[in-house]
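Have a look at the structure below, then the notes.
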Amino acid sequence: MSAERQVSGMLRQIARQQDVIEIGPQGSRPKAAALAHVAEQYGYVYGAARATGYKDSLILLRMYRDPSPEARSREAATLTAHPRAGTGGTVPGLAPGSLKPVPEAADAVAVLKDLIAFDLAARFVTSRGQKVLCYLACVLVTAVLLATGPPVEAVASGGSLVVILTVALKAGQIRREKLSRRLTEAGFFAVRDERGGQRFLRPGQQLPGHANPFAA
């Protein structure tokens, strides 16, 4: 789907004054983040991202309408500055005819990309119990190999599985920690959602899940 059609589809949702809009499915984080940035110029705020499609290869974003006066002022200014967005005119934050952010929007889009990456990485987070089960599975595989093949090869294969599992778990943890630091430095704060998962929100924002993520 072309950039123009993707932007137009999102702007139609915005024009209907929907409390919640969905962006996607998108095939890349940079494009999803660029569209989220455009939505924010119309008074929306990032809510959540999830993987969808074949083998979770696509990204679906959910944005919430921000009722704050600042957001409504931002929306009014955007409508004035870009009256023909979605119908051939300029789009806030994007280069003409593309989903590439203009230089002045690059930092904001990069932050949104980190938010999306952090939320998507949550599906790879394993609990202590899940880690134990993974290592027990390695032990079971090693035991099967010992019963059916040479002991040296069985132990070597089982050891390799443990190493691969440990590296994969550690790599995921390091990446999440790196994203956490960047989001904290960008002014976001960490909270726990209803499932115990970690999320990052802007100051004054509450967890999404209803039409007004800023309500008391």
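Across Pro92 and Ala85, no two heavy atoms sit closer than the pair CD-CB, 4.5 Å. Taking all atoms of both residues into account, the shortest heavy-atom contact from Leu61 to Ala49 is CD2-CB, 3.4 Å. Across all non-hydrogen atoms, the minimal contact from Ala39 to Ile23 is CB-CD1, 4.3 Å. Of all the heavy atoms in Arg202 and Phe189, the pair that sits closest is O-CE2, 2.9 Å. Considering every non-hydrogen atom in both Ala105 and Gly93, the closest pair reads CB-O, 3.7 Å. Of all heavy-atom pairs spanning Ser28 and Ile59, the tightest one is C-CD1, 3.8 Å.
For the pair Thr78 (side chain) and Gln41 (backbone), a donor-acceptor distance under 3.5 Å is present. Side chain of Glu40 to backbone of Ala36: no donor-acceptor contact under 3.5 angstrom is found. Here the side chain of Arg29 pairs no donor or acceptor atom with the backbone of Ala117 at under 3.5 angstrom. Checked by atom type and distance alone, the side chain of Gln205 pairs as donor or acceptor with a backbone atom of Tyr46 at under 3.5 Å. One N or O on the side chain of Arg199 and one on the backbone of Gly47 form a donor-acceptor pair closer than 3.5 Å.
Cluster annotation: Phe200 and Val109 are assigned to distinct hydrophobic clusters (Ile/Leu/Val/Met/Phe/Trp/Tyr, side-chain heavy-atom contacts under 4.5 Å, transitive). Hydrophobic clustering (ILVMFWY, side-chain heavy atoms < 4.5 Å, transitive): Leu60 and Leu35 are in distinct clusters.
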Practice task
For the pair Leu99 and Val7, evaluate side chain to side chain contact (heavy atoms under 4.5 Å, CB included) and give the outcome as yes or no after the intermediate values.
Solution key: CA-CA 8 Å; Leu99 293 180; Val7 172; 3.9 Å; yes
Practice task
Go through the steps for Gln198 and Arg176 under the test side chain to side chain contact (heavy atoms under 4.5 Å, CB included), then give the verdict.
Solution key: CA-CA 10 Å; Gln198 190 177 38; Arg176 290 260 299 179; 4.2 Å; yes
Practice task
Run the numbers on Arg182 and Leu179 for side chain to side chain contact (heavy atoms under 4.5 Å, CB included), then give the verdict.
Solution key: CA-CA 5 Å; Arg182 292 213 297 253; Leu179 289 169; 3.5 Å; yes
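Distance check, rounded to the nearest 0.5 Å: CG of Leu94 to CD of Glu4 gives 10.5 Å. Interatomic distance, CG of Asp114 versus CG of Asp119, reported as 11.0 Å (0.5 Å rounding). Atom OG of Ser180 is separated from atom CD of Glu185 by 11.0 Å, given to the nearest 0.5 angstrom. Taking CZ of Phe118 as the reference point, atom CZ of Arg175 lies at 11.0 Å (rounded to 0.5 Å). For the atom pair Leu115 CG and Leu201 CG, the distance stands at 8.5 Å (nearest 0.5 Å).
Looking at heavy atoms from C-beta onward, Val91 lies out of side-chain contact with His82 at the 4.5 angstrom threshold.
The only member of Asp66, Ile21, Leu79 that meets side-chain contact (heavy atoms from CB on, under 4.5 Å) when paired with Tyr42 is Leu79.
Under the 4.0 Å criterion applied to side-chain N and carboxylate O atoms, Glu22 and Arg50 are not assigned as salt-bridge partners. Ionic pairing of Glu75 and Arg72 is present here: one or more N-O contacts between side-chain nitrogen and carboxylate oxygen are shorter than 4.0 angstrom.
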